[in-house]
Amino acid sequence: AQRQKVLDGEDLRENMMQMLRSLVESDVSTALSGHGGEVNEDGLKGLANAMEGIYFAKGTLASRREQLLAMNADQLTDTVFGIAQHTYEAKEAAYTPKIMRELERVIMLRVVDEYWMDHIDAMDDLKQGVRLQGYGNNNPVDVYKRESLDMFEEMVSAIQDETVRRLYSVRLKKDEEVKRERVAKATVENG
(Lines give C-alpha, C1' and ligand atoms only; values in the text may rest on other atoms or scores of the structure.)
Protein backbone atom coordinates (compact mmCIF):
# COMPACT_ATOMS: atom_id res chain seq x y z
CA ALA A 1 0.00 0.00 0.00
CA GLN A 2 2.88 2.39 0.81
CA ARG A 3 4.54 1.61 -2.49
CA GLN A 4 1.30 2.19 -4.41
CA LYS A 5 0.86 5.61 -2.77
CA VAL A 6 4.31 6.52 -4.03
CA LEU A 7 3.65 5.29 -7.54
CA ASP A 8 0.32 7.15 -7.62
CA GLY A 9 2.19 10.36 -6.79
CA GLU A 10 0.32 11.03 -3.53
CA ASP A 11 1.50 13.68 -1.07
CA LEU A 12 3.48 11.81 1.60
CA ARG A 13 4.37 14.76 3.85
CA GLU A 14 1.85 13.80 6.55
CA ASN A 15 3.12 10.21 6.48
CA MET A 16 6.69 11.50 6.87
CA MET A 17 5.68 13.56 9.90
CA GLN A 18 4.01 10.52 11.47
CA MET A 19 7.14 8.45 10.82
CA LEU A 20 9.29 11.20 12.33
CA ARG A 21 7.04 11.37 15.40
CA SER A 22 7.27 7.61 15.83
CA LEU A 23 11.07 7.71 15.49
CA VAL A 24 11.37 10.52 18.05
CA GLU A 25 9.10 8.70 20.51
CA SER A 26 11.19 5.55 20.12
CA ASP A 27 14.51 7.38 20.53
CA VAL A 28 13.30 9.28 23.61
CA SER A 29 11.93 6.09 25.14
CA THR A 30 15.20 4.25 24.48
CA ALA A 31 17.32 7.10 25.86
CA LEU A 32 15.27 7.31 29.07
CA SER A 33 14.62 3.58 29.54
CA GLY A 34 17.64 2.94 31.73
CA HIS A 35 16.66 5.77 34.04
CA GLY A 36 13.09 4.89 34.96
CA GLY A 37 11.67 7.12 32.24
CA GLU A 38 12.91 10.27 33.98
CA VAL A 39 14.67 12.99 32.01
CA ASN A 40 18.27 13.27 33.21
CA GLU A 41 21.76 14.11 32.00
CA ASP A 42 22.59 10.59 30.76
CA GLY A 43 19.27 10.30 28.93
CA LEU A 44 19.87 13.61 27.14
CA LYS A 45 23.36 12.48 26.14
CA GLY A 46 21.95 9.23 24.75
CA LEU A 47 19.27 11.13 22.86
CA ALA A 48 21.85 13.57 21.50
CA ASN A 49 24.02 10.66 20.31
CA ALA A 50 21.03 9.09 18.54
CA MET A 51 19.65 12.20 16.85
CA GLU A 52 22.11 15.07 16.62
CA GLY A 53 23.96 15.45 13.37
CA ILE A 54 21.12 13.75 11.49
CA TYR A 55 17.80 15.23 12.56
CA PHE A 56 19.16 18.52 13.86
CA ALA A 57 22.50 20.25 14.39
CA LYS A 58 25.02 19.02 16.92
CA GLY A 59 24.81 20.89 20.20
CA THR A 60 21.09 21.67 19.87
CA LEU A 61 20.10 19.67 22.93
CA ALA A 62 23.09 20.87 24.95
CA SER A 63 22.10 24.48 24.29
CA ARG A 64 18.68 23.77 25.86
CA ARG A 65 19.97 21.49 28.60
CA GLU A 66 18.38 23.25 31.61
CA GLN A 67 15.03 23.60 29.88
CA LEU A 68 15.02 19.92 28.80
CA LEU A 69 16.03 18.60 32.22
CA ALA A 70 12.94 20.24 33.73
CA MET A 71 10.60 18.33 31.37
CA ASN A 72 8.87 14.99 31.66
CA ALA A 73 9.21 12.35 28.91
CA ASP A 74 6.13 13.53 26.97
CA GLN A 75 7.25 17.15 26.99
CA LEU A 76 10.74 16.11 25.91
CA THR A 77 9.25 14.08 23.04
CA ASP A 78 7.16 17.05 21.90
CA THR A 79 10.12 19.42 22.10
CA VAL A 80 12.53 17.14 20.23
CA PHE A 81 9.86 16.44 17.60
CA GLY A 82 9.40 20.20 17.17
CA ILE A 83 13.14 20.70 16.72
CA ALA A 84 13.39 17.88 14.15
CA GLN A 85 10.28 19.16 12.36
CA HIS A 86 11.83 22.63 12.15
CA THR A 87 14.93 21.12 10.51
CA TYR A 88 12.72 19.30 8.01
CA GLU A 89 10.82 22.49 7.19
CA ALA A 90 14.09 24.36 6.68
CA LYS A 91 15.24 21.67 4.23
CA GLU A 92 11.88 21.90 2.46
CA ALA A 93 12.20 25.68 2.19
CA ALA A 94 15.70 25.30 0.73
CA TYR A 95 14.65 22.71 -1.87
CA THR A 96 11.06 23.95 -2.48
CA PRO A 97 7.96 21.98 -1.46
CA LYS A 98 7.58 20.45 -4.94
CA ILE A 99 11.07 18.95 -4.91
CA MET A 100 10.68 17.83 -1.30
CA ARG A 101 7.45 15.94 -2.13
CA GLU A 102 9.23 14.18 -4.98
CA LEU A 103 12.21 13.39 -2.74
CA GLU A 104 9.82 11.83 -0.22
CA ARG A 105 8.34 9.64 -2.93
CA VAL A 106 11.71 8.62 -4.42
CA ILE A 107 13.23 7.75 -1.05
CA MET A 108 10.14 5.91 0.16
CA LEU A 109 10.02 3.86 -3.04
CA ARG A 110 13.69 2.95 -2.82
CA VAL A 111 13.51 1.98 0.86
CA VAL A 112 10.28 -0.02 0.55
CA ASP A 113 11.66 -1.95 -2.42
CA GLU A 114 14.99 -2.69 -0.73
CA TYR A 115 13.45 -3.82 2.55
CA TRP A 116 10.67 -5.79 0.87
CA MET A 117 13.17 -7.79 -1.22
CA ASP A 118 15.21 -8.50 1.91
CA HIS A 119 12.03 -9.52 3.72
CA ILE A 120 11.09 -12.00 0.98
CA ASP A 121 14.56 -13.59 1.24
CA ALA A 122 14.26 -13.74 5.03
CA MET A 123 10.84 -15.42 4.73
CA ASP A 124 12.37 -18.12 2.52
CA ASP A 125 15.07 -18.67 5.14
CA LEU A 126 12.42 -18.84 7.86
CA LYS A 127 10.44 -21.41 5.87
CA GLN A 128 13.54 -23.59 5.60
CA GLY A 129 14.41 -23.22 9.29
CA VAL A 130 10.91 -23.74 10.66
CA ARG A 131 10.76 -27.32 9.36
CA LEU A 132 13.12 -28.33 12.15
CA GLN A 133 10.68 -27.05 14.79
CA GLY A 134 8.63 -30.25 14.47
CA TYR A 135 11.51 -32.17 16.01
CA GLY A 136 11.38 -29.92 19.06
CA ASN A 137 7.68 -30.66 19.68
CA ASN A 138 6.66 -27.24 18.31
CA ASN A 139 3.98 -26.84 15.68
CA PRO A 140 5.88 -25.49 12.65
CA VAL A 141 2.83 -23.59 11.38
CA ASP A 142 2.43 -21.73 14.69
CA VAL A 143 6.14 -20.94 14.81
CA TYR A 144 6.05 -19.70 11.20
CA LYS A 145 3.05 -17.44 11.88
CA ARG A 146 4.57 -15.96 15.02
CA GLU A 147 8.04 -15.44 13.55
CA SER A 148 6.76 -14.05 10.24
CA LEU A 149 4.54 -11.51 12.02
CA ASP A 150 7.49 -10.35 14.14
CA MET A 151 9.66 -10.09 11.04
CA PHE A 152 7.00 -8.10 9.17
CA GLU A 153 6.57 -5.64 12.06
CA GLU A 154 10.34 -5.20 12.29
CA MET A 155 10.49 -4.56 8.55
CA VAL A 156 7.76 -1.89 8.70
CA SER A 157 9.53 -0.16 11.58
CA ALA A 158 12.88 -0.35 9.78
CA ILE A 159 11.32 1.09 6.61
CA GLN A 160 9.97 4.05 8.56
CA ASP A 161 13.24 4.73 10.37
CA GLU A 162 15.37 4.39 7.24
CA THR A 163 13.05 6.56 5.14
CA VAL A 164 13.17 9.39 7.66
CA ARG A 165 16.94 9.05 8.16
CA ARG A 166 17.57 9.18 4.39
CA LEU A 167 15.28 12.20 3.97
CA TYR A 168 17.30 14.09 6.55
CA SER A 169 20.67 13.06 5.14
CA VAL A 170 19.92 13.56 1.43
CA ARG A 171 21.80 16.35 -0.32
CA LEU A 172 20.96 17.52 -3.83
CA LYS A 173 23.46 18.95 -6.27
CA LYS A 174 22.60 22.23 -7.93
CA ASP A 175 20.13 21.84 -10.79
CA GLU A 176 19.79 18.09 -10.13
CA GLU A 177 16.42 16.67 -11.05
CA VAL A 178 14.67 14.09 -8.86
CA LYS A 179 12.99 11.39 -10.93
CA ARG A 180 10.83 8.68 -9.42
CA GLU A 181 10.71 6.74 -12.71
CA ARG A 182 14.48 6.37 -12.82
CA VAL A 183 14.57 4.95 -9.28
CA ALA A 184 11.67 2.58 -9.94
CA LYS A 185 13.35 1.31 -13.12
CA ALA A 186 16.75 0.85 -11.41
CA THR A 187 15.14 -1.09 -8.57
CA VAL A 188 13.38 -3.45 -10.98
CA GLU A 189 16.60 -4.01 -12.93
CA ASN A 190 18.54 -4.71 -9.71
CA GLY A 191 15.87 -7.15 -8.51
Check the hydrophobic clustering (I, L, V, M, F, W, Y; side-chain heavy atoms under 4.5 Å; chains of links allowed) and say if [X] and [Y] are grouped together.
| X | Y | result |
| --- | --- | --- |
| Val111 | Phe152 | yes |
| Met51 | Ile54 | yes |
| Ile120 | Val112 | yes |

[X] (side chain) donor-acceptor with [Y] (main chain) under 3.5 angstrom:
| X | Y | result |
| --- | --- | --- |
| Lys91 | His86 | no |
| Gln75 | Asn72 | yes |
| Thr30 | Ser26 | yes |

Search all heavy atoms of [X] against all heavy atoms of [Y] and return the closest pair with its distance.
| X | Y | result |
| --- | --- | --- |
| Val39 | Leu69 | CG1-CA, 4.0 Å |
| Ser22 | Gln160 | OG-OE1, 4.1 Å |
| Tyr95 | Leu172 | OH-N, 3.3 Å |
| Met16 | Val164 | O-CG2, 4.3 Å |
| Ala73 | Leu32 | CB-CD1, 3.8 Å |
| Glu52 | Thr60 | OE2-N, 3.2 Å |

For the residue pair Tyr55 and Tyr168, does the interplanar ring angle fall in the parallel (under 30°), tilted (30 to 60°) or perpendicular (over 60°) class?
perpendicular

Calculate, to the nearest 0.5 Å, the distance between atoms [atom1] and [atom2] belonging to [X] and [Y] respectively.
| X | Y | atom1 | atom2 | answer |
| --- | --- | --- | --- | --- |
| Ser157 | Leu23 | OG | CG | 8.5 Å |
| Gln67 | Thr79 | CD | OG1 | 6.0 Å |
| Glu92 | Thr87 | CD | OG1 | 12.5 Å |
| Asp42 | Leu47 | CG | CG | 12.5 Å |
| Ser148 | Glu153 | OG | CD | 10.0 Å |
| Asp161 | Glu154 | CG | CD | 12.0 Å |

Does a side-chain heavy-atom distance below 4.5 Å link [X] with [Y]?
| X | Y | value |
| --- | --- | --- |
| Met71 | Leu68 | yes |
| Val143 | Leu126 | no |
| Arg105 | Leu12 | yes |
| Arg65 | Glu41 | yes |
| Leu103 | Met100 | yes |
| Arg110 | Glu114 | yes |

Glu25 with Arg21: basic N within carboxylate O range, under 4.0 Å
yes

Exercise. So does Arg166 pair up with Glu104, basic N to acidic O under 4.0 Å?
Worked result: no

Hey, mind stepping through Arg13 and Tyr88 against side-chain contact (heavy atoms from CB on, under 4.5 Å) and telling me if it holds? CA-CA 10 Å; Arg13 188 178 196 289; Tyr88 193 87; 4.2 Å; yes

**Request:** With side-chain contact (heavy atoms from CB on, under 4.5 Å) as the test, would you mind laying out the steps for Ile159 and Thr163 before giving the verdict?
**Result:** CA-CA 6 Å; Ile159 284 172; Thr163 299; 4.0 Å; yes

Does the side-chain contact (heavy atoms from CB on, under 4.5 Å) test come out yes or no for Arg64 and Ile83, once each step is laid out? CA-CA 11 Å; Arg64 301 175 182 206; Ile83 295 168; 3.4 Å; yes

* To do: Could you go through the side-chain contact (heavy atoms from CB on, under 4.5 Å) check for Val80 and Leu61 one step at a time?
  => CA-CA 8 Å; Val80 172; Leu61 297 183; 4.2 Å; yes

